Enquirer: 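Sending over a structure as structure tokens; questions will come in a sec.
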Amino acid sequence: MNASLKLVDLKAQYASIRLEIDAAIQRVLDSTAFINGPDVQAFETEFAGFCKARHAIGVASGTAALQLALESLGIGPGDEVITAAHTFCATAEAIAHTGAKPVFTDIDPTTYTICPQCIERAITPHTRAIVPVHLYGLPSDMRAIREIARIHRLFVVEDAAQAHGATFMGEPVGTLADAAAFSFYPGKNLGAFGDAGAVTTQDPEIANRVIALRDHGRALTAEGKRAKYEHSIVGYGERLDTLQAAILRVKLAHLPRWNARRQALAQRYIERLSGCNTLTLPHTPPDRTHVYHLFVVRTPKRDQVRAKLAEAGIETGVHYPIPLHLQPAFAYLGYQRGDLPHTERAAGEVISLPLYPEMDTDDVDRVCDVILKILQN
Ligand SMILES: *Cc1c(COP(=O)(O)O)cnc(C)c1O
């Protein structure tokens, strides 16, 4: 019996950098600078550098990053925000919490990212913004999306929660729109040891509004300090913890290597599985790079393949089994089955295979052997 193989193994990653992480945590404990400590700003500078963005603002989660980015653009009640239904629920939750109405569109079935023609069809006089999701680590078609936004005067906020380090036409995600939201949920390509997130933007005014929103509406004084008891707007308690920032600084230094390793393992999967014509492999258009937060294949025999992999001790996932337009939480929007056919078909066929930087090529081969045996018979 083979050892079990997980979809993501966070223990393997911690073991590989344990001394550095433990030292960073101890440093914060000794300083007791738990809120707005120096590691927060240091991480923001380093993460902005990684994304080649002018500003990065640490916040408490990816969901908070999305919501504060939208609010900083003035999105609120009466507005419509267009996004894909094939995503994690936080994308639409953040839109709904601003008071705006999420408007769901279908995906391009070859990339699983939002279909630009569908965006155009969904635009109404109330539309204010588009939230493209760089799903599984692949950027959306930002050239087409930005062109639509320019013509219709819409804001664009990237949901980059799964795509740290991916690029579109050579430019990193996080710099491709008015603002971008990153998640550092533990299993993401860059993951904290708890909840954490960041907003990136090229615009200093948007950055200042997010800085105020995340910290109870405290504005910056003329000297660049935070006012303690002057609250310029109604904000939130959505700061990035110093402990998480210190951990993220350690991990950010390893991220380029980890992303490269994900790409190499993905390449191995693609080579081994490419002969299998009942299985659709991830497709990366030539204008983008993929950082493989998830390695997602699709097959009409999804449930059978998952069951066989589970028998072999191999964990898999489905991202995501119920599209957002069919979720009970969004029933109030009035969508029905059949409204978004590519999204609904993908939800029934996608399967996420194990992928994390500490995995061996042998592990990939083991997964492929099981899949090939089922699908080639
Ligand atoms: C993880 C994720 C989020 C939310 O991030 P949290 O840090 O968990 O709040 C938003 N959008 C997408 C696409 C995600 O994968």
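Predicted model only: the values in this text are computed from it and were never measured. Start at 1 and go down the list; that is how both ligands and their atoms are numbered.
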Enquirer: Are Thr124 and Glu80 close enough that a side-chain donor and a side-chain acceptor fall under 3.5 Å?
Expert: yes
Enquirer: State whether the shortest distance between N or O atoms of Leu66 and N or O atoms of ligand 1 falls below 3.5 angstrom.
Expert: no
Enquirer: Side-chain donor-acceptor pair under 3.5 Å between Thr167 and Thr289, yes or no?
Expert: yes
Enquirer: Quick one: does Lys188 get a heavy atom under 4.0 Å from ligand 1?
Expert: yes
Enquirer: Would Phe330 and Tyr335 count as a close aromatic pair, with their ring centres under 6.0 Å?
Expert: no
Enquirer: Checking a contact table here: which protein heavy atom is nearest atom 15 (O) of ligand 1, and how many Å away?
Expert: Gln162 NE2, 2.8 Å
Enquirer: Establish, yes or no, whether a centroid distance under 6.0 Å links the rings of Tyr136 and Tyr112.
Expert: yes
Enquirer: Heavy-atom contacts with Ala161 under 4.0 Å: which atoms of ligand 1 show up? List them by number with element.
Expert: 2 (C), 3 (C), 10 (C), 11 (N), 12 (C), 14 (C), 15 (O)
Enquirer: For ligand 1, which atoms have a heavy atom of Thr87 less than 4.0 angstrom away?
Expert: 13 (C)
Enquirer: What is the closest protein heavy atom to atom 9 (O) of ligand 1, and at what distance does it sit?
Expert: Thr63 OG1, 2.5 Å
Enquirer: For atom 7 (O) of ligand 1, which of the options Ser183, Ala60, Ala90, Ala84 provides the nearest non-hydrogen atom?
Expert: Ser183
Enquirer: Among all protein heavy atoms, pick out the one at the shortest distance from atom 13 (C) of ligand 1; state its residue, atom name and that distance to 0.1 Å.
Expert: Asp159 OD2, 3.4 Å
Enquirer: Would you say Asp106 and His342 are linked by a side-chain donor-acceptor pair, where the criterion is simply a distance under 3.5 Å?
Expert: no
Enquirer: So that I can tick it off, tell me whether Asp79 and Lys101 are bridged by a salt bridge, with the cut-off set at under 4.0 angstrom between side-chain N and carboxylate O.
Expert: no
Enquirer: For a quick check under 3.5 Å, do Gln67 and Glu71 share a side-chain donor-acceptor pair by atom type?
Expert: yes
Enquirer: Counting from 1, what ligand 1 atoms have a heavy atom of Val133 closer than 4.0 Å?
Expert: 13 (C)
Enquirer: Gly62 heavy atoms, cut-off 4.0 Å: which ligand 1 atoms fall inside?
Expert: 5 (O), 6 (P), 7 (O), 9 (O)
